Amino acid sequence: MKNREIAQIFYEMGEILEIKGDNPFKIRAYYKAAQNMESLTEDIERIVQEDRLNELPGIGVKLALKIKEYVTTGKLRAYEKLKKKVPSGLIKILSVPGVGPKTAKLLYEELKIDSIEKLKKAAKEHKISQLPHLKEKTEENILRGIEIIKRGMERMPLGVALPLANEIVGALKKLPEVKEINPAGSLRRKKETIGDIDILITSTRPAKVMDVFTNLPCVSQVIAHGETKSSILTKEGIHVDVRVLNPRNYGAALQYFTGSKEHNIALRTLALKKGLKISEYGIFNKRSGKRLAGEKEEDIYKILGLSYIEPELRENQGEIEAAKANRLPKLIEESDIRGDLHIHSNWSDGSASIEKIVEAARKRGWEYVAICDHSKSLKIAGGLSDKELKEQIKEIRKLNKRLKGFRVLAGIEVDILKDGTLDYSDELLRQLDFVVAAIHSGFKQSREQITKRIVKACENRWVDVIAHPTGRLLGERAPYEVDLDKVIKVAKHTGTFLEINAYPKRLDLNDIHSRKAKEGGVKISIGTDAHTLDQLDYMTIALTAARRGWLEKKDVLNTLPVDRLLKKLKRNK
DNA sequence: GCCGTTTTCGGCCCGACTGTTTTCAGTCG
(Lines give C-alpha, C1' and ligand atoms only; values in the text may rest on other atoms or scores of the structure.)
Protein backbone atom coordinates (compact mmCIF):
# COMPACT_ATOMS: atom_id res chain seq x y z
CA MET A 1 0.00 0.00 0.00
CA LYS A 2 1.72 3.13 -1.20
CA ASN A 3 -0.87 5.68 -0.05
CA ARG A 4 1.20 6.76 2.96
CA GLU A 5 4.42 6.99 0.99
CA ILE A 6 2.87 9.23 -1.63
CA ALA A 7 1.27 11.39 1.07
CA GLN A 8 4.67 11.80 2.70
CA ILE A 9 6.26 12.81 -0.60
CA PHE A 10 3.55 15.38 -1.35
CA TYR A 11 3.86 16.87 2.14
CA GLU A 12 7.58 17.22 1.70
CA MET A 13 7.22 18.71 -1.77
CA GLY A 14 4.81 21.25 -0.32
CA GLU A 15 7.32 22.16 2.36
CA ILE A 16 10.13 22.57 -0.13
CA LEU A 17 7.96 24.73 -2.36
CA GLU A 18 7.15 26.86 0.68
CA ILE A 19 10.79 27.45 1.43
CA LYS A 20 11.36 28.28 -2.20
CA GLY A 21 8.60 30.85 -1.96
CA ASP A 22 6.53 29.23 -4.68
CA ASN A 23 2.89 30.02 -5.42
CA PRO A 24 0.99 29.53 -2.13
CA PHE A 25 -1.98 28.01 -3.89
CA LYS A 26 0.19 25.46 -5.60
CA ILE A 27 1.63 24.61 -2.19
CA ARG A 28 -1.84 24.23 -0.79
CA ALA A 29 -2.71 21.91 -3.65
CA TYR A 30 0.17 19.62 -2.65
CA TYR A 31 -0.85 19.61 1.02
CA LYS A 32 -4.44 18.94 0.12
CA ALA A 33 -3.46 16.07 -2.15
CA ALA A 34 -1.20 14.67 0.59
CA GLN A 35 -4.00 14.80 3.10
CA ASN A 36 -6.36 13.09 0.71
CA MET A 37 -3.86 10.33 0.02
CA GLU A 38 -3.28 9.80 3.70
CA SER A 39 -6.88 9.11 4.51
CA LEU A 40 -7.90 7.41 1.30
CA THR A 41 -9.51 4.10 2.17
CA GLU A 42 -8.77 2.47 -1.14
CA ASP A 43 -5.40 1.17 -2.24
CA ILE A 44 -3.91 3.75 -4.57
CA GLU A 45 -2.24 1.07 -6.67
CA ARG A 46 -5.60 -0.36 -7.55
CA ILE A 47 -6.98 3.06 -8.44
CA VAL A 48 -4.03 3.56 -10.78
CA GLN A 49 -4.53 0.13 -12.32
CA GLU A 50 -8.17 0.86 -12.98
CA ASP A 51 -7.34 4.33 -14.26
CA ARG A 52 -9.63 6.09 -11.79
CA LEU A 53 -7.31 8.80 -10.45
CA ASN A 54 -9.55 11.45 -11.95
CA GLU A 55 -12.21 10.49 -9.40
CA LEU A 56 -10.05 11.68 -6.50
CA PRO A 57 -10.71 15.20 -5.26
CA GLY A 58 -7.73 17.52 -5.40
CA ILE A 59 -5.90 15.33 -7.89
CA GLY A 60 -5.77 16.94 -11.32
CA VAL A 61 -3.88 16.03 -14.46
CA LYS A 62 -0.41 16.84 -13.14
CA LEU A 63 -0.64 15.20 -9.73
CA ALA A 64 -2.27 12.16 -11.33
CA LEU A 65 0.78 11.75 -13.56
CA LYS A 66 3.05 12.00 -10.53
CA ILE A 67 1.09 9.37 -8.64
CA LYS A 68 1.14 7.10 -11.64
CA GLU A 69 4.87 7.53 -12.02
CA TYR A 70 5.52 6.70 -8.39
CA VAL A 71 3.24 3.68 -8.36
CA THR A 72 4.71 2.18 -11.51
CA THR A 73 8.41 3.06 -11.08
CA GLY A 74 8.71 3.49 -7.31
CA LYS A 75 10.28 6.88 -7.92
CA LEU A 76 9.23 10.43 -8.61
CA ARG A 77 11.61 12.51 -10.71
CA ALA A 78 9.99 15.82 -9.81
CA TYR A 79 10.47 15.01 -6.12
CA GLU A 80 14.11 13.98 -6.55
CA LYS A 81 14.77 17.17 -8.45
CA LEU A 82 13.02 19.33 -5.88
CA LYS A 83 14.90 17.74 -3.01
CA LYS A 84 18.17 18.89 -4.55
CA LYS A 85 17.05 22.51 -4.36
CA VAL A 86 16.81 22.61 -0.57
CA PRO A 87 19.05 21.01 2.04
CA SER A 88 17.15 18.41 4.02
CA GLY A 89 17.93 19.99 7.39
CA LEU A 90 16.07 23.10 6.36
CA ILE A 91 12.76 21.24 6.36
CA LYS A 92 13.39 20.20 9.95
CA ILE A 93 13.80 23.84 10.94
CA LEU A 94 10.23 24.43 9.81
CA SER A 95 9.06 22.22 12.65
CA VAL A 96 10.29 24.81 15.19
CA PRO A 97 7.26 26.80 16.36
CA GLY A 98 7.62 30.39 15.25
CA VAL A 99 9.86 29.56 12.33
CA GLY A 100 8.01 29.51 9.05
CA PRO A 101 9.27 29.17 5.50
CA LYS A 102 10.24 32.82 5.12
CA THR A 103 12.35 32.84 8.26
CA ALA A 104 13.86 29.46 7.44
CA LYS A 105 14.88 30.73 4.03
CA LEU A 106 16.40 33.89 5.48
CA LEU A 107 18.31 31.92 8.11
CA TYR A 108 19.71 29.60 5.48
CA GLU A 109 20.69 32.29 3.03
CA GLU A 110 22.29 34.61 5.55
CA LEU A 111 23.70 32.23 8.14
CA LYS A 112 23.80 28.87 6.32
CA ILE A 113 21.61 27.33 9.01
CA ASP A 114 20.39 23.93 7.89
CA SER A 115 19.86 21.99 11.10
CA ILE A 116 18.20 22.49 14.46
CA GLU A 117 21.60 22.26 16.16
CA LYS A 118 22.97 25.13 14.07
CA LEU A 119 19.80 27.10 14.70
CA LYS A 120 20.21 26.70 18.43
CA LYS A 121 23.84 27.73 18.30
CA ALA A 122 23.12 30.82 16.21
CA ALA A 123 20.34 31.90 18.55
CA LYS A 124 22.55 31.50 21.60
CA GLU A 125 25.36 33.47 19.98
CA HIS A 126 22.90 36.26 19.08
CA LYS A 127 23.65 35.97 15.41
CA ILE A 128 20.00 35.87 14.48
CA SER A 129 19.23 39.27 15.99
CA GLN A 130 21.67 40.83 13.58
CA LEU A 131 19.44 39.94 10.64
CA PRO A 132 16.80 42.37 9.37
CA HIS A 133 13.38 42.07 10.99
CA LEU A 134 14.65 39.75 13.71
CA LYS A 135 15.58 40.83 17.21
CA GLU A 136 16.33 39.35 20.63
CA LYS A 137 12.73 38.40 21.21
CA THR A 138 12.78 36.20 18.13
CA GLU A 139 15.91 34.48 19.36
CA GLU A 140 14.24 33.74 22.68
CA ASN A 141 11.19 32.39 20.89
CA ILE A 142 13.29 30.15 18.68
CA LEU A 143 15.14 28.72 21.67
CA ARG A 144 11.86 28.12 23.45
CA GLY A 145 10.46 26.53 20.30
CA ILE A 146 13.37 24.11 20.12
CA GLU A 147 12.77 23.16 23.75
CA ILE A 148 9.13 22.47 23.01
CA ILE A 149 10.04 20.14 20.16
CA LYS A 150 12.54 18.31 22.30
CA ARG A 151 10.24 18.00 25.26
CA GLY A 152 7.67 16.09 23.35
CA MET A 153 6.03 17.82 20.51
CA GLU A 154 5.41 14.25 19.54
CA ARG A 155 1.79 13.42 19.68
CA MET A 156 0.48 11.30 22.52
CA PRO A 157 -2.01 8.47 22.21
CA LEU A 158 -5.63 9.44 22.76
CA GLY A 159 -5.68 6.99 25.65
CA VAL A 160 -3.22 9.24 27.50
CA ALA A 161 -4.77 12.57 26.57
CA LEU A 162 -8.36 11.65 27.32
CA PRO A 163 -8.01 10.96 31.05
CA LEU A 164 -5.82 14.03 31.50
CA ALA A 165 -8.33 16.25 29.71
CA ASN A 166 -11.16 14.75 31.75
CA GLU A 167 -9.26 15.54 34.92
CA ILE A 168 -8.77 19.19 33.95
CA VAL A 169 -12.30 19.63 32.63
CA GLY A 170 -13.64 17.98 35.78
CA ALA A 171 -11.69 20.34 38.04
CA LEU A 172 -12.82 23.46 36.18
CA LYS A 173 -16.40 22.28 35.90
CA LYS A 174 -16.68 22.36 39.68
CA LEU A 175 -16.28 26.14 39.68
CA PRO A 176 -19.60 27.96 39.89
CA GLU A 177 -18.08 30.60 37.57
CA VAL A 178 -17.80 28.09 34.72
CA LYS A 179 -20.92 27.80 32.57
CA GLU A 180 -20.11 25.77 29.48
CA ILE A 181 -16.96 23.73 29.05
CA ASN A 182 -15.78 21.52 26.21
CA PRO A 183 -12.56 20.13 24.90
CA ALA A 184 -12.01 21.09 21.26
CA GLY A 185 -9.42 20.19 18.62
CA SER A 186 -8.25 16.72 17.75
CA LEU A 187 -9.25 15.56 21.21
CA ARG A 188 -12.89 16.33 20.51
CA ARG A 189 -12.55 14.66 17.12
CA LYS A 190 -11.01 11.70 19.00
CA LYS A 191 -8.00 11.32 16.77
CA GLU A 192 -5.80 8.39 17.75
CA THR A 193 -2.98 10.73 18.69
CA ILE A 194 -3.26 14.22 20.16
CA GLY A 195 -0.85 17.14 19.82
CA ASP A 196 -2.11 19.42 22.54
CA ILE A 197 -5.26 19.83 24.58
CA ASP A 198 -7.59 22.75 23.87
CA ILE A 199 -10.42 23.57 26.26
CA LEU A 200 -13.14 26.16 25.65
CA ILE A 201 -15.34 27.67 28.32
CA THR A 202 -17.79 30.45 28.97
CA SER A 203 -17.64 32.16 32.31
CA THR A 204 -18.91 35.08 34.30
CA ARG A 205 -15.50 35.62 35.87
CA PRO A 206 -12.73 34.63 33.46
CA ALA A 207 -9.91 35.87 35.67
CA LYS A 208 -10.91 33.54 38.49
CA VAL A 209 -11.09 30.56 36.12
CA MET A 210 -7.65 31.34 34.75
CA ASP A 211 -6.20 31.55 38.25
CA VAL A 212 -7.59 28.15 39.13
CA PHE A 213 -6.45 26.62 35.85
CA THR A 214 -2.87 27.84 36.08
CA ASN A 215 -2.63 26.54 39.63
CA LEU A 216 -3.97 23.03 39.07
CA PRO A 217 -1.83 20.28 40.60
CA CYS A 218 -0.98 18.85 37.17
CA VAL A 219 0.70 22.10 36.08
CA SER A 220 4.49 22.18 35.83
CA GLN A 221 4.92 25.44 33.94
CA VAL A 222 2.68 28.37 33.08
CA ILE A 223 3.45 29.55 29.56
CA ALA A 224 0.85 32.29 29.35
CA HIS A 225 -1.66 33.63 31.86
CA GLY A 226 -4.03 36.06 30.24
CA GLU A 227 -7.54 37.29 30.79
CA THR A 228 -9.13 35.09 28.14
CA LYS A 229 -6.42 32.62 27.19
CA SER A 230 -3.90 30.71 29.28
CA SER A 231 -1.45 27.98 28.42
CA ILE A 232 0.34 25.54 30.66
CA LEU A 233 2.60 22.54 30.41
CA THR A 234 1.63 19.56 32.51
CA LYS A 235 4.13 17.48 34.43
CA GLU A 236 4.03 15.00 31.56
CA GLY A 237 5.05 17.83 29.23
CA ILE A 238 1.65 18.15 27.61
CA HIS A 239 0.56 21.55 26.39
CA VAL A 240 -2.92 22.63 27.51
CA ASP A 241 -4.74 25.79 26.41
CA VAL A 242 -7.87 27.18 28.01
CA ARG A 243 -9.87 29.93 26.31
CA VAL A 244 -12.75 31.87 27.78
CA LEU A 245 -15.30 32.90 25.21
CA ASN A 246 -18.30 35.14 24.87
CA PRO A 247 -21.42 32.92 25.18
CA ARG A 248 -22.77 34.68 22.11
CA ASN A 249 -19.96 33.16 20.02
CA TYR A 250 -19.54 29.88 21.84
CA GLY A 251 -21.02 27.62 19.16
CA ALA A 252 -19.08 29.23 16.35
CA ALA A 253 -15.86 29.08 18.36
CA LEU A 254 -16.43 25.45 19.30
CA GLN A 255 -16.98 24.61 15.65
CA TYR A 256 -13.92 26.57 14.65
CA PHE A 257 -11.54 25.20 17.28
CA THR A 258 -12.72 21.63 16.80
CA GLY A 259 -11.52 21.59 13.20
CA SER A 260 -10.16 19.80 11.42
CA LYS A 261 -8.53 22.54 9.47
CA GLU A 262 -9.46 20.76 6.26
CA HIS A 263 -13.06 20.39 7.35
CA ASN A 264 -13.25 24.08 8.19
CA ILE A 265 -11.72 25.13 4.90
CA ALA A 266 -14.24 23.05 3.01
CA LEU A 267 -17.05 24.46 5.14
CA ARG A 268 -16.00 28.03 4.50
CA THR A 269 -15.69 27.42 0.81
CA LEU A 270 -19.22 26.07 0.82
CA ALA A 271 -20.37 29.11 2.81
CA LEU A 272 -18.84 31.49 0.27
CA LYS A 273 -20.75 29.80 -2.55
CA LYS A 274 -23.91 30.48 -0.63
CA GLY A 275 -23.06 34.14 -0.04
CA LEU A 276 -22.18 33.44 3.60
CA LYS A 277 -19.09 33.84 5.69
CA ILE A 278 -17.99 31.78 8.69
CA SER A 279 -15.55 32.78 11.38
CA GLU A 280 -15.05 31.88 15.01
CA TYR A 281 -17.54 34.67 15.79
CA GLY A 282 -20.45 33.31 13.85
CA ILE A 283 -21.94 32.80 10.46
CA PHE A 284 -22.68 35.99 8.53
CA ASN A 285 -24.34 37.18 5.39
CA LYS A 286 -21.38 38.19 3.32
CA ARG A 287 -22.92 41.22 1.64
CA SER A 288 -24.86 42.78 4.51
CA GLY A 289 -22.53 41.56 7.23
CA LYS A 290 -25.58 40.52 9.23
CA ARG A 291 -24.90 37.78 11.76
CA LEU A 292 -27.18 34.79 11.33
CA ALA A 293 -26.03 32.55 14.18
CA GLY A 294 -23.10 31.68 16.41
CA GLU A 295 -24.41 30.76 19.81
CA LYS A 296 -25.00 27.12 18.96
CA GLU A 297 -22.72 24.92 16.93
CA GLU A 298 -25.63 23.08 15.29
CA ASP A 299 -26.91 26.32 13.75
CA ILE A 300 -23.76 26.78 11.68
CA TYR A 301 -24.43 23.49 9.93
CA LYS A 302 -28.16 24.08 9.70
CA ILE A 303 -27.75 27.45 7.97
CA LEU A 304 -25.39 25.87 5.46
CA GLY A 305 -28.08 23.33 4.62
CA LEU A 306 -26.20 20.47 6.26
CA SER A 307 -27.27 17.95 8.84
CA TYR A 308 -25.20 18.06 12.02
CA ILE A 309 -21.79 16.49 11.57
CA GLU A 310 -20.37 14.65 14.57
CA PRO A 311 -16.88 15.87 15.55
CA GLU A 312 -15.32 12.47 14.81
CA LEU A 313 -16.28 12.80 11.15
CA ARG A 314 -14.87 16.28 10.59
CA GLU A 315 -11.88 15.42 8.43
CA ASN A 316 -13.15 16.50 5.02
CA GLN A 317 -13.43 12.90 3.97
CA GLY A 318 -16.83 13.05 2.38
CA GLU A 319 -18.77 14.04 5.50
CA ILE A 320 -19.85 17.40 4.06
CA GLU A 321 -21.20 15.80 0.89
CA ALA A 322 -22.97 13.17 2.99
CA ALA A 323 -24.44 15.87 5.25
CA LYS A 324 -25.71 17.74 2.19
CA ALA A 325 -27.49 14.62 0.96
CA ASN A 326 -28.69 13.79 4.46
CA ARG A 327 -26.81 10.50 4.26
CA LEU A 328 -24.51 10.70 7.28
CA PRO A 329 -24.18 7.47 9.22
CA LYS A 330 -25.87 7.20 12.58
CA LEU A 331 -22.66 6.55 14.48
CA ILE A 332 -22.39 3.72 16.95
CA GLU A 333 -22.65 4.74 20.63
CA GLU A 334 -20.98 3.14 23.59
CA SER A 335 -24.42 2.23 24.93
CA ASP A 336 -24.96 0.04 21.84
CA ILE A 337 -22.23 -2.33 23.04
CA ARG A 338 -23.56 -5.42 24.81
CA GLY A 339 -20.35 -7.20 25.65
CA ASP A 340 -16.60 -7.41 25.31
CA LEU A 341 -15.14 -9.96 22.91
CA HIS A 342 -11.50 -10.08 23.97
CA ILE A 343 -10.52 -10.31 27.64
CA HIS A 344 -7.60 -12.01 29.39
CA SER A 345 -8.11 -13.70 32.75
CA ASN A 346 -5.66 -14.91 35.38
CA TRP A 347 -5.56 -18.24 33.55
CA SER A 348 -2.89 -16.60 31.35
CA ASP A 349 -1.39 -13.12 31.82
CA GLY A 350 -4.50 -11.28 33.00
CA SER A 351 -4.82 -10.30 36.65
CA ALA A 352 -8.48 -10.99 37.40
CA SER A 353 -10.44 -14.20 37.83
CA ILE A 354 -13.25 -14.96 35.39
CA GLU A 355 -15.78 -14.41 38.21
CA LYS A 356 -14.41 -10.92 38.89
CA ILE A 357 -14.49 -10.13 35.18
CA VAL A 358 -18.14 -11.14 35.03
CA GLU A 359 -18.94 -8.92 37.98
CA ALA A 360 -17.16 -5.92 36.43
CA ALA A 361 -18.77 -6.50 33.05
CA ARG A 362 -22.23 -6.66 34.60
CA LYS A 363 -21.60 -3.38 36.34
CA ARG A 364 -21.01 -1.85 32.92
CA GLY A 365 -24.36 -3.12 31.77
CA TRP A 366 -22.90 -5.77 29.50
CA GLU A 367 -24.61 -9.10 28.85
CA TYR A 368 -21.64 -11.24 27.90
CA VAL A 369 -17.85 -11.45 27.68
CA ALA A 370 -15.53 -13.66 25.69
CA ILE A 371 -12.59 -14.90 27.74
CA CYS A 372 -9.72 -15.06 25.26
CA ASP A 373 -6.51 -16.01 27.00
CA HIS A 374 -3.25 -16.60 25.20
CA SER A 375 -2.42 -19.87 23.50
CA LYS A 376 0.35 -22.28 24.39
CA SER A 377 3.17 -20.91 22.18
CA LEU A 378 3.04 -17.54 23.86
CA LYS A 379 4.97 -18.83 26.85
CA ILE A 380 5.91 -15.38 28.08
CA ALA A 381 2.23 -14.59 28.59
CA GLY A 382 1.39 -17.86 30.26
CA GLY A 383 -0.32 -19.35 27.23
CA LEU A 384 -2.70 -22.22 28.03
CA SER A 385 -1.70 -25.81 27.29
CA ASP A 386 -4.26 -28.05 25.60
CA LYS A 387 -5.13 -29.51 28.97
CA GLU A 388 -5.50 -26.13 30.66
CA LEU A 389 -7.71 -24.87 27.89
CA LYS A 390 -9.98 -27.90 28.20
CA GLU A 391 -10.18 -27.29 31.93
CA GLN A 392 -11.00 -23.63 31.38
CA ILE A 393 -13.80 -24.56 28.99
CA LYS A 394 -15.23 -26.87 31.64
CA GLU A 395 -15.00 -24.15 34.30
CA ILE A 396 -16.76 -21.65 32.09
CA ARG A 397 -19.57 -24.09 31.29
CA LYS A 398 -20.03 -24.67 35.00
CA LEU A 399 -20.01 -20.96 35.73
CA ASN A 400 -22.61 -20.26 33.05
CA LYS A 401 -25.04 -22.63 34.77
CA ARG A 402 -24.93 -20.41 37.84
CA LEU A 403 -25.23 -17.10 36.00
CA LYS A 404 -28.58 -15.61 35.22
CA GLY A 405 -28.92 -13.15 32.36
CA PHE A 406 -25.23 -13.23 31.61
CA ARG A 407 -23.12 -15.43 29.40
CA VAL A 408 -19.39 -16.15 29.42
CA LEU A 409 -18.15 -17.29 26.04
CA ALA A 410 -15.33 -19.80 26.18
CA GLY A 411 -12.82 -18.23 23.86
CA ILE A 412 -9.13 -18.08 23.07
CA GLU A 413 -6.65 -15.73 21.45
CA VAL A 414 -4.93 -18.36 19.38
CA ASP A 415 -1.54 -17.57 17.86
CA ILE A 416 -1.16 -17.64 14.13
CA LEU A 417 2.26 -19.29 14.05
CA LYS A 418 5.10 -18.31 11.75
CA ASP A 419 4.15 -20.93 9.20
CA GLY A 420 0.50 -19.87 9.20
CA THR A 421 -0.81 -22.82 11.20
CA LEU A 422 -2.71 -22.28 14.42
CA ASP A 423 -1.50 -23.03 17.92
CA TYR A 424 -4.22 -25.63 18.65
CA SER A 425 -5.83 -28.38 16.65
CA ASP A 426 -9.14 -27.80 14.90
CA GLU A 427 -10.58 -30.43 17.19
CA LEU A 428 -9.78 -28.30 20.24
CA LEU A 429 -10.82 -24.99 18.65
CA ARG A 430 -14.15 -26.57 17.73
CA GLN A 431 -14.99 -27.01 21.40
CA LEU A 432 -14.80 -23.27 22.05
CA ASP A 433 -17.61 -20.73 21.61
CA PHE A 434 -15.47 -18.00 20.13
CA VAL A 435 -11.96 -17.83 18.67
CA VAL A 436 -9.87 -14.79 17.93
CA ALA A 437 -6.64 -15.43 16.05
CA ALA A 438 -3.64 -13.11 16.12
CA ILE A 439 -0.05 -12.71 15.09
CA HIS A 440 2.45 -12.34 17.94
CA SER A 441 5.62 -13.47 16.18
CA GLY A 442 7.42 -13.14 12.88
CA PHE A 443 6.57 -9.44 12.54
CA LYS A 444 9.41 -8.94 10.11
CA GLN A 445 8.17 -11.42 7.54
CA SER A 446 7.43 -10.23 4.02
CA ARG A 447 4.08 -8.81 3.02
CA GLU A 448 3.28 -11.99 1.11
CA GLN A 449 4.10 -14.25 4.07
CA ILE A 450 2.15 -12.26 6.65
CA THR A 451 -0.84 -11.85 4.38
CA LYS A 452 -0.78 -15.56 3.64
CA ARG A 453 -0.75 -16.40 7.35
CA ILE A 454 -3.78 -14.23 8.05
CA VAL A 455 -5.63 -15.44 4.98
CA LYS A 456 -5.06 -19.01 6.07
CA ALA A 457 -6.43 -18.21 9.52
CA CYS A 458 -9.53 -16.62 7.97
CA GLU A 459 -10.09 -19.76 5.96
CA ASN A 460 -10.19 -21.89 9.10
CA ARG A 461 -13.78 -22.65 9.99
CA TRP A 462 -13.16 -22.21 13.73
CA VAL A 463 -11.56 -18.77 13.55
CA ASP A 464 -14.18 -16.11 14.15
CA VAL A 465 -12.10 -12.94 14.45
CA ILE A 466 -8.66 -11.69 13.42
CA ALA A 467 -7.44 -9.72 16.43
CA HIS A 468 -5.36 -6.54 16.08
CA PRO A 469 -4.98 -7.12 12.37
CA THR A 470 -2.02 -4.79 11.74
CA GLY A 471 0.04 -5.39 14.89
CA ARG A 472 1.14 -1.80 15.31
CA LEU A 473 2.01 -0.26 18.65
CA LEU A 474 1.57 3.50 18.56
CA GLY A 475 4.89 5.25 18.99
CA GLU A 476 6.71 1.93 19.40
CA ARG A 477 6.25 -0.46 16.54
CA ALA A 478 5.13 0.07 12.98
CA PRO A 479 2.37 -2.18 11.67
CA TYR A 480 3.60 -5.34 10.03
CA GLU A 481 3.40 -5.53 6.27
CA VAL A 482 0.00 -6.87 5.41
CA ASP A 483 -2.22 -6.57 2.37
CA LEU A 484 -5.35 -5.43 4.16
CA ASP A 485 -7.36 -5.21 0.96
CA LYS A 486 -6.80 -8.88 0.45
CA VAL A 487 -7.53 -9.68 4.09
CA ILE A 488 -10.80 -7.75 3.88
CA LYS A 489 -11.79 -9.62 0.76
CA VAL A 490 -11.03 -13.00 2.29
CA ALA A 491 -12.72 -12.03 5.56
CA LYS A 492 -15.86 -11.11 3.67
CA HIS A 493 -15.73 -14.32 1.65
CA THR A 494 -15.14 -16.60 4.64
CA GLY A 495 -17.40 -14.80 7.13
CA THR A 496 -14.55 -13.80 9.43
CA PHE A 497 -14.74 -10.64 11.54
CA LEU A 498 -11.96 -8.12 11.96
CA GLU A 499 -11.22 -6.62 15.35
CA ILE A 500 -10.91 -3.12 16.64
CA ASN A 501 -8.59 -3.72 19.54
CA ALA A 502 -9.17 -1.11 22.24
CA TYR A 503 -5.73 -1.28 23.78
CA PRO A 504 -4.74 2.40 23.48
CA LYS A 505 -1.35 1.66 21.96
CA ARG A 506 -2.84 -0.78 19.48
CA LEU A 507 -6.17 0.67 18.44
CA ASP A 508 -6.22 -1.39 15.27
CA LEU A 509 -7.97 -1.65 12.99
CA ASN A 510 -7.66 2.12 13.07
CA ASP A 511 -10.28 4.59 11.84
CA ILE A 512 -9.30 4.47 8.18
CA HIS A 513 -9.08 0.68 8.07
CA SER A 514 -12.37 0.28 9.90
CA ARG A 515 -14.09 2.39 7.31
CA LYS A 516 -12.41 0.34 4.63
CA ALA A 517 -13.62 -2.89 6.21
CA LYS A 518 -17.14 -1.52 6.37
CA GLU A 519 -16.97 -0.53 2.71
CA GLY A 520 -15.71 -4.04 1.95
CA GLY A 521 -18.73 -5.57 3.68
CA VAL A 522 -16.85 -6.93 6.70
CA LYS A 523 -18.25 -6.57 10.19
CA ILE A 524 -16.15 -5.50 13.13
CA SER A 525 -15.69 -7.19 16.49
CA ILE A 526 -14.63 -4.90 19.32
CA GLY A 527 -12.43 -6.23 22.10
CA THR A 528 -10.72 -4.36 24.91
CA ASP A 529 -7.88 -6.90 25.19
CA ALA A 530 -8.16 -6.06 28.90
CA HIS A 531 -5.58 -7.64 31.22
CA THR A 532 -6.98 -5.96 34.34
CA LEU A 533 -10.51 -5.00 35.37
CA ASP A 534 -9.79 -1.29 34.90
CA GLN A 535 -8.88 -1.90 31.30
CA LEU A 536 -12.45 -2.78 30.49
CA ASP A 537 -12.75 1.02 30.34
CA TYR A 538 -10.74 0.89 27.12
CA MET A 539 -14.04 0.19 25.38
CA THR A 540 -14.41 3.98 25.22
CA ILE A 541 -11.18 4.21 23.24
CA ALA A 542 -12.24 1.52 20.78
CA LEU A 543 -15.47 3.38 20.14
CA THR A 544 -13.49 6.42 18.99
CA ALA A 545 -11.88 4.42 16.18
CA ALA A 546 -15.23 2.88 15.29
CA ARG A 547 -16.98 6.23 15.13
CA ARG A 548 -14.17 7.86 13.17
CA GLY A 549 -14.47 4.89 10.81
CA TRP A 550 -18.12 5.81 10.14
CA LEU A 551 -19.34 2.60 11.82
CA GLU A 552 -22.96 2.21 12.81
CA LYS A 553 -24.54 -0.14 15.30
CA LYS A 554 -25.24 -2.70 12.61
CA ASP A 555 -21.58 -2.83 11.56
CA VAL A 556 -20.38 -4.15 14.91
CA LEU A 557 -20.78 -7.75 16.07
CA ASN A 558 -20.98 -7.08 19.78
CA THR A 559 -24.00 -4.81 19.55
CA LEU A 560 -26.04 -8.00 19.13
CA PRO A 561 -27.60 -10.01 21.96
CA VAL A 562 -25.54 -13.12 22.58
CA ASP A 563 -27.81 -15.66 20.87
CA ARG A 564 -27.95 -13.61 17.69
CA LEU A 565 -24.22 -12.99 17.90
CA LEU A 566 -23.50 -16.70 18.01
CA LYS A 567 -25.70 -17.34 15.00
CA LYS A 568 -23.55 -14.93 12.99
CA LEU A 569 -20.41 -17.01 13.50
CA LYS A 570 -19.40 -19.24 10.60
CA ARG A 571 -18.87 -22.16 12.98
CA ASN A 572 -22.60 -22.14 13.67
CA LYS A 573 -23.72 -21.99 10.05
C1' DG B 1 -1.31 22.87 -8.35
C1' DC B 2 -6.92 22.44 -8.72
C1' DC B 3 -11.40 23.80 -10.13
C1' DG B 4 -15.98 25.41 -12.42
C1' DT B 5 -25.02 26.19 -13.57
C1' DT B 6 -21.83 32.74 -11.51
C1' DT B 7 -15.98 31.14 -14.47
C1' DT B 8 -11.69 27.02 -18.96
C1' DC B 9 -9.26 32.21 -16.46
C1' DG B 10 -8.85 33.89 -12.26
C1' DG B 11 -10.01 32.69 -8.32
C1' DC B 12 -8.33 29.66 -4.25
C1' DC B 13 -10.66 30.35 4.19
C1' DC B 14 -10.41 33.59 8.09
C1' DG B 15 -8.85 36.23 11.91
C1' DA B 16 -5.58 37.04 15.81
C1' DC B 17 -1.25 37.67 17.54
C1' DT B 18 3.62 38.85 17.53
C1' DG B 19 7.50 41.35 16.65
C1' DT B 20 8.76 44.51 14.10
C1' DT B 21 7.33 48.31 12.81
C1' DT B 22 4.60 53.57 12.16
C1' DT B 23 1.45 50.13 8.39
C1' DC B 24 2.75 45.34 7.98
C1' DA B 25 4.70 40.60 7.08
C1' DG B 26 5.01 36.23 8.99
C1' DT B 27 3.11 32.61 11.62
C1' DC B 28 -0.36 30.06 13.76
C1' DG B 29 -4.58 27.62 14.73
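Just so it is clear, the structure is predicted and the values come from calculations on it, not from any experiment. Naming convention: chains lettered A, B, ... in sequence-line order (proteins, then strands); numbering from 1 in each chain. Heavy atoms only: backbone and side chains are in, while hydrogens, waters and symmetry mates are out.
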Where at least one partner belongs to residues 67-120 of chain A, residue pairs that pass ring pair (Phe, Tyr, Trp, His ring centres under 6.0 Å), sequence neighbours excluded: none
Would you give me the side-chain donor-acceptor pairs under 3.5 Å for residues 322-335 of chain A, sequence neighbours excluded?
| from | atom 1 | to | atom 2 | distance (Å) |
| --- | --- | --- | --- | --- |
| A/E334 | OE1 | A/T540 | OG1 | 3.2 |
| A/E334 | OE2 | A/T540 | OG1 | 3.3 |

Under the side chain to side chain donor-acceptor pair (under 3.5 Å) test, residues paired with A/T544 that sit two or more places apart: none
Sequence neighbours excluded - ring pair (Phe, Tyr, Trp, His ring centres under 6.0 Å) pairs with any residue from residues 19-51 of chain A: A/F10-A/Y30
Pairs meeting criterion salt bridge (charged side-chain N to carboxylate O under 4.0 Å, His left out) with involvement of residues 248-277 of chain A, two or more places apart: none
Along DNA chain B, first and last positions that approach a heavy atom of chain A under 4.0 Å: B/dG1 to B/dG29
Can you give me every donor-acceptor pair (side chain of residues 168-178 of chain A, partner residue at least two apart or in another chain, under 3.5 Å) with its distance?
| from | atom 1 | to | atom 2 | distance (Å) |
| --- | --- | --- | --- | --- |
| A/E177 | OE2 | A/R205 | NH1 | 3.4 |
| A/E177 | OE2 | A/K208 | NZ | 3.3 |

Residues touching DNA chain B, which here means a heavy atom under 4.0 Å, drawn from residues 18-25 of chain A: A/N23, A/F25
Residue pairs fulfilling salt bridge (charged side-chain N to carboxylate O under 4.0 Å, His left out) with at least one residue in residues 8-23 of chain A, sequence neighbours excluded: A/D22-A/K26
Strand contacts (DNA chain B) in residues 102-109 of chain A, 4.0 angstrom heavy-atom criterion: A/K102, A/T103
Near-strand residues of residues 253-274 of chain A, defined as heavy-atom separation under 4.0 angstrom from DNA chain B: A/Y256, A/K261, A/I265, A/R268, A/T269, A/L272
Ring pair (Phe, Tyr, Trp, His ring centres under 6.0 Å): pairs with one or both residues in residues 303-323 of chain A, sequence neighbours excluded: A/Y301-A/Y308
